[in-house]
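Take a look at the structure below.
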Amino acid sequence: MSAKQAKEINKGISKETIFKEIVLQLTQALPALKESLGEKKFEKRIKKAAKLLSEGIKSADQKKKPVAKSVLGKTKQSNTKVPTAAKKAGKTPPKK
């Protein structure tokens, strides 16, 4: 599944719901590990893994911060053009 598909699926789902879904899927996928570790250790490790897996996912509840707009009238230094003759005149010749 691509990132674009994941965004479309998780568009209206909260982060808590995603976390619970990850815990459920990991629990169902690893029953042998549950038997070998025991109930308590297994649950702790599953919750840690789910937390790490869902760390970068933003929920639908979070609002985007507004982007600061630049002040009009200011220009970048790189946009100003200097004549080539003036550029050459300002350079000093290399020392021998």
Side-chain angles (χ1 to χ4, degrees):
M1 182 179 347
S2 69
K4 187 176 181 180
Q5 290 172 340
K7 283 183 183 178
E8 290 174 3
I9 292 170
N10 297 333
K11 200 170 190 177
I13 302 173
S14 69
K15 192 170 183 177
E16 186 178 320
T17 307
I18 294 169
F19 177 79
K20 287 179 182 178
E21 184 67 27
I22 292 171
V23 169
L24 179 67
Q25 289 180 3
L26 287 174
T27 304
Q28 292 174 350
L30 304 168
L33 185 62
K34 187 175 185 178
E35 291 175 9
S36 64
L37 286 175
E39 183 74 30
K40 193 172 184 180
K41 282 186 181 180
F42 178 75
E43 290 298 322
K44 263 188 179 180
R45 291 181 186 194
I46 291 293
K47 285 182 181 180
K48 283 182 184 179
K51 182 179 178 184
L52 290 173
L53 287 171
S54 65
E55 188 173 288
I57 300 172
K58 294 182 181 178
S59 67
D61 300 338
Q62 293 176 341
K63 294 182 181 178
K64 294 182 180 180
K65 294 180 181 178
V67 179
K69 295 182 180 179
S70 62
V71 178
L72 297 175
K74 289 187 177 181
T75 59
K76 295 181 181 179
Q77 291 289 338
S78 62
N79 288 345
T80 57
K81 293 186 178 181
V82 178
T84 51
K87 286 183 183 177
K88 290 180 182 177
K91 292 184 179 178
T92 57
K95 294 183 181 180
K96 291 184 179 179

Quiz item: Quick one: salt bridge (charged side-chain N to carboxylate O under 4.0 Å, His left out) partners of Glu39, sequence neighbours excluded?
Solution: Lys34

Quiz item: If we only count heavy atoms from C-beta on, is the Glu21 to Gln25 side-chain gap below 4.5 Å?
Solution: yes

Quiz prompt | For Leu53, all residues meeting side chain to side chain contact (heavy atoms under 4.5 Å, CB included), sequence neighbours excluded | solution = Ile22, Leu26

Quiz item: Is it true that Leu33 and Val23 fall in one hydrophobic cluster, defined by side-chain heavy atoms closer than 4.5 Å?
Solution: yes

Practice problem: Only counting residues at least two apart or in another chain, list the ones meeting salt bridge (charged side-chain N to carboxylate O under 4.0 Å, His left out) with Lys20. | Solution: Glu16

